[in-house]
Amino acid sequence: MEIREITTNKKQYMDLLLLGDEQENAIDKYLDRGRMYALFDDCLKAICVVTNEGDGILEIKNIATKPHSQRKGYGSYMIEYIKNNYKNKFHTLQVGTGNSPLTIPFYKKCGFKISHKIEDFFINNYDHPIYENGIQLKDMIYLKKKI
């Protein structure tokens, strides 16, 4: 496996980024200011965008694994890479996600703990309802871990 930073032509990965965040104009808000990483294992498997949120906080804005490569450890590997790559520059890694039975357990397994929530985030910030595993996402749940 190899992880490379993507510094140019980030939008060429939009199909994969849209798996992690369903609305392109939402992605546009952080893509230019974020640092993007791509995980390759023979071919592209996963992508991650992180941003500096100030006060020692690094945020995962987008993390997505190609559907045929999910549940094979690529997402966990990417988070571990991010943690190790930034541990001397930041003290906290955070991520915001919907209250989904798919994503919350994944982040908890990676060592994150629920921090806080922003009520109705997905309703107020997206132009269409977002569903995951048949559940409409409404609130943004933030999880954090020390790095």
Side-chain angles (χ1 to χ4, degrees), residues 1-40 44-66 69-128 130-133 135-147:
M1 277 190 280
E2 176 189 9
I3 295 179
R4 293 185 285 219
E5 183 172 4
I6 307 299
T7 58
T8 60
N9 301 321
K10 294 177 183 178
K11 283 202 168 203
Q12 73 178 327
Y13 299 93
M14 189 58 71
D15 60 331
L16 190 49
L17 290 166
L18 285 166
L19 292 178
D21 194 339
E22 286 190 20
Q23 193 164 299
E24 188 169 344
N25 69 349
I27 294 168
D28 288 339
K29 292 177 183 176
Y30 57 78
L31 192 58
D32 285 341
R33 72 181 182 95
R35 294 184 74 172
M36 177 187 279
Y37 297 90
L39 185 151
F40 296 87
L44 178 65
K45 300 292 186 181
I47 203 100
C48 183
V49 179
V50 295
T51 58
N52 179 348
E53 296 302 308
D55 296 326
I57 298 172
L58 183 70
E59 184 168 335
I60 296 173
K61 289 290 194 180
N62 193 316
I63 185 166
T65 301
K66 289 196 169 195
S69 298
Q70 292 175 355
R71 292 173 181 57
K72 296 181 180 174
Y74 293 117
S76 300
Y77 188 88
M78 179 70 85
I79 288 174
E80 192 65 21
Y81 173 85
I82 295 297
K83 183 189 87 161
N84 290 333
N85 195 46
Y86 286 97
K87 66 184 175 187
N88 295 323
K89 301 172 187 116
F90 295 88
H91 58 72
T92 301
L93 181 60
Q94 77 178 12
V95 62
T97 189
N99 192 9
S100 163
L102 297 177
T103 55
I104 300 289
F106 166 74
Y107 289 117
K108 285 183 173 181
K109 183 180 170 192
C110 291
F112 288 85
K113 295 186 183 330
I114 293 177
S115 166
H116 62 283
K117 73 177 178 178
I118 299 175
E119 291 189 16
D120 295 331
F121 178 88
F122 292 99
I123 293 169
N124 295 331
N125 291 284
Y126 286 77
D127 63 9
H128 63 283
I130 297 177
Y131 292 88
E132 189 168 297
N133 205 32
I135 298 169
Q136 183 178 1
L137 303 183
K138 295 179 181 177
D139 302 334
M140 173 78 81
I141 308 299
Y142 274 92
L143 298 98
K144 293 183 178 184
K145 73 183 278 180
K146 296 290 181 201
I147 54 174

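Numbering starts at 1 and runs along the sequence shown.
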Determine the minimum heavy-atom distance between [X] and [Y], stating which atoms define it.
X    : Y    : result
S115 : K144 : OG-CE, 3.6 Å
A26  : Y126 : CB-OH, 3.8 Å
F106 : G75  : CZ-C, 3.8 Å
Y131 : E22  : O-OE2, 4.0 Å
D120 : D139 : N-OD1, 2.7 Å

Check your understanding: Is there a side-chain contact between I130 and Q136, using heavy atoms and a 4.5 Å cut-off?
Key ->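 No, every pair of side-chain atoms sits at 4.5 Å or beyond.
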Can you name the one residue among [options] that meets side chain to side chain contact (heavy atoms under 4.5 Å, CB included) with [X]?
X    : options          : answer
S100 : L137, I135, I141 : L137
L17  : M36, E24, K10    : M36
L19  : D15, D21, L16    : L16

Pairwise distance [atom1]([X]) to [atom2]([Y]) - rounded to 0.5 angstrom:
X    : Y    : atom1 : atom2 : result
H116 : Y142 : NE2   : OH    : 6.0 Å
T97  : I63  : OG1   : CD1   : 10.5 Å
Y86  : I147 : OH    : CD1   : 9.5 Å
K45  : E2   : NZ    : CD    : 14.0 Å

Practice item. Can you label the angle between the Y107 ring and the F112 ring as parallel, tilted or perpendicular, going by 30° and 60°? Key: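 The rings of Y107 and F112 stand perpendicular, inter-plane angle above 60°.
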Point to revise | From CA spacing to verdict: side-chain hydrogen bond (donor to acceptor under 3.5 Å, both in side chains), N62, Y13 | key: CA-CA 12 Å; N62 193 316; Y13 299 93; over 6 Å; no
Practice item. Taking only Lys NZ, Arg NE, NH1 and NH2, and the carboxylate oxygens of Asp or Glu, determine whether E119 and K138 approach each other closer than 4.0 Å. Key: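 Here E119 does not pair with K138 in a salt bridge, since their nearest N and O are not under 4.0 Å apart.
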Would you list the atom pairs, donor with acceptor, under 3.5 Å between side chains in residues 46-59 and any protein atom, with sequence neighbours excluded?
unit_1	atom_1	unit_2	atom_2	d
T51	OG1	E53	OE2	2.5
N52	OD1	G54	N	2.8
E53	OE2	R33	NH1	3.3
E53	OE2	R33	NH2	3.1
E59	OE1	Q94	NE2	2.7
E59	OE2	K61	NZ	3.4

State whether the side chain of [X] and the backbone N or O of [Y] hold a donor-acceptor pair below 3.5 Å, judged by distance alone.
X    : Y    : result
Q23  : D127 : yes
K145 : C110 : yes
N85  : Y81  : no

Point to revise | Cationic tip of R4 above F40 ring, under 6.0 Å, 45° of axis | key: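 Yes; both conditions hold, so R4 lies above the ring face of F40.
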Review point. Can the positive tip of K72 be found less than 6.0 Å from the middle of the six-membered ring of Y74, inside 45° of the ring normal?
Key: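 No, K72 does not lie over the aromatic ring of Y74.
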